[in-house]
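Since the structure comes first, as structure tokens, the remarks are kept for the end.
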2 protein chains.
Amino acid sequence: MSPTDQIAQNLKEAGLKATQQRIVILSTLYEHLDHPSSEEVYKHVKKVNPSISLGTVYKTLESLVNAGLIHKVATSDGLMRYDGETAAHSHIYITKTNEIIDFKDDSLNELINRYMDDKEIRNLKVRKISLRIEAEKIDPKRKIHIK
Amino acid sequence: MSPTDQIAQNLKEAGLKATQQRIVILSTLYEHLDHPSSEEVYKHVKKVNPSISLGTVYKTLESLVNAGLIHKVATSDGLMRYDGETAAHSHIYITKTNEIIDFKDDSLNELINRYMDDKEIRNLKVRKISLRIEAEKIDPKRKIHIK
DNA sequence: CTTACTGCAAAATTTTTGCAACTTT
DNA sequence: AAAGTTGCAAAAATTTTGCAGTAAG
């Protein structure tokens, strides 16, 4: 199955019509895992489909979030950003550069979830736990590397 | 020292002039720890000072955040919310009701920080770690109680 | 052929900005 | 008095909405 067909199937399984626009937007998010904003998604998508409208991008992103196919990430600069990775993971926020970097650590995840299971929080069902890590780069020119 | 004088002193120590507007806004945030939005802060503050302008509320919240006297919390509904509690703590997000509840657990904090200290992340200085807990209420009418 | 989706433009919402008048130090 | 802050209104930025036309199942 081609990547496009796979994406079309993901959409259908989520109960959404596999339109050309949705396929392009979802594939853009699978390709760019740097948490693009709506406007950035629009720019990327326009290269493939120049006639797509910004309104469609907004509506589609909202649909994909509601269907659970992507995640929405709120940032302190007031922009929403979108994440094609839906498996459990955390985010490292580099304030100065507006970078959001994925951080995935299964054993830490398990450690926290085990701790929280023992913790009784009355009248609350915990759905998801992730870390919010604020950090800054030591050398701004170099990339981040997580062991 | 009166609470107002204490707040004025906090402002001055942070290098900000202790204007009547800032004192009222900061005291509102100390009083309302439910993470009010800019508009909610404005509404609260107007009761005390009906002539304050919304623009001043925005500018002041920004100044207070920059000075480290309060924190900004980004939400997925696109509103910024503000937090008068600056000690390390986590947030529980109740999506359906838009509630944000503080969650403070020193031993969990220590557990995570000890784990992360051992974890080598090249070219990154970690500044702050907190949990992002998504949850929902079991009985919507009852309050949350954290043991 | 029915239902859902797109494109467009207009509107709504939230936040920022510029500047004269005013307070704080 | 100097420096910084406020209030106002206008502008910017982001997101949502309505609806006629179009595409998908």
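The basis for the numbers below is simple: all heavy atoms, side chains too, and nothing from hydrogens, waters or symmetry mates. Per chain, numbering begins at 1; letters A, B, ... match sequence-line order.
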Between [X] ([atom1]) and [N] ([atom2]), how many Å, whole number?
{"X": "A/D77", "N": "C/dT14", "atom1": "CG", "atom2": "C1'", "result": "14 Å"}
{"X": "B/Y42", "N": "C/dT16", "atom1": "OH", "atom2": "P", "result": "16 Å"}
{"X": "B/E62", "N": "D/dG4", "atom1": "CD", "atom2": "P", "result": "18 Å"}
{"X": "B/L11", "N": "D/dT6", "atom1": "CG", "atom2": "P", "result": "10 Å"}
{"X": "A/Q9", "N": "D/dA24", "atom1": "CD", "atom2": "P", "result": "18 Å"}
{"X": "B/I25", "N": "D/dT6", "atom1": "CD1", "atom2": "C1'", "result": "10 Å"}
{"X": "B/R81", "N": "C/dT14", "atom1": "CZ", "atom2": "P", "result": "13 Å"}
{"X": "A/L79", "N": "D/dA13", "atom1": "CG", "atom2": "P", "result": "11 Å"}

Practice item. Please check the phosphate of C/dT16 (OP1 and OP2 only) for any side-chain N or O of B/Y58 closer than 4.0 Å. Key: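 B/Y58 to C/dT16 OP1/OP2: no side-chain N or O under 4.0 Å.
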
Point to revise | Residues A/R81 and A/E40 bridged, charged N to O under 4.0 Å | key: no

Exercise for review: Could you tell me whether A/E110 and A/R114 make a salt bridge, using a distance below 4.0 angstrom between a side-chain N and a carboxylate O?
Suggested key: yes

Point to revise | Short side-chain to backbone donor-acceptor contact, A/N123 and B/R142, under 3.5 Å | key: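 Yes: the side chain of A/N123 pairs with the backbone of B/R142.
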
Point to revise | A/K12 side chain, from C-beta outward: closest of D/dG25, D/dT15, C/dT15 | key: D/dG25

Practice item. Report yes if the side chains of A/Y82 and A/H35 come closer than 4.5 Å at any heavy-atom pair, otherwise no. Key: no

Review point. Is there a side chain to side chain contact (heavy atoms under 4.5 Å, CB included) between B/L11 and B/L26 once you walk through the steps?
Key: CA-CA 9 Å; B/L11 286 164; B/L26 187 50; 4.1 Å; yes

Study note, to complete from the structure: A correct 5'-to-3' footprint of nucleotides 4-9 of chain C, with B, S and - meaning base, sugar-phosphate only and no protein heavy atom under 4.0 Å, is SSSBB-

Point to revise | Test side-chain contact (heavy atoms from CB on, under 4.5 Å) applied to B/I92 and B/I101, B/L131, B/I144, B/I100, the passing residue | key: B/I101

Practice item. Give A/S38 one of three labels, base, sugar-phosphate or nothing, depending on what nucleic acid heavy atoms sit under 4.0 Å from its own. Key: sugar-phosphate

Check your understanding: Closest approach of B/S63 and B/L16, non-hydrogen atoms and distance?
Key ->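 B/S63 and B/L16 have their closest heavy atoms at O-CD1, 4.1 Å.
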
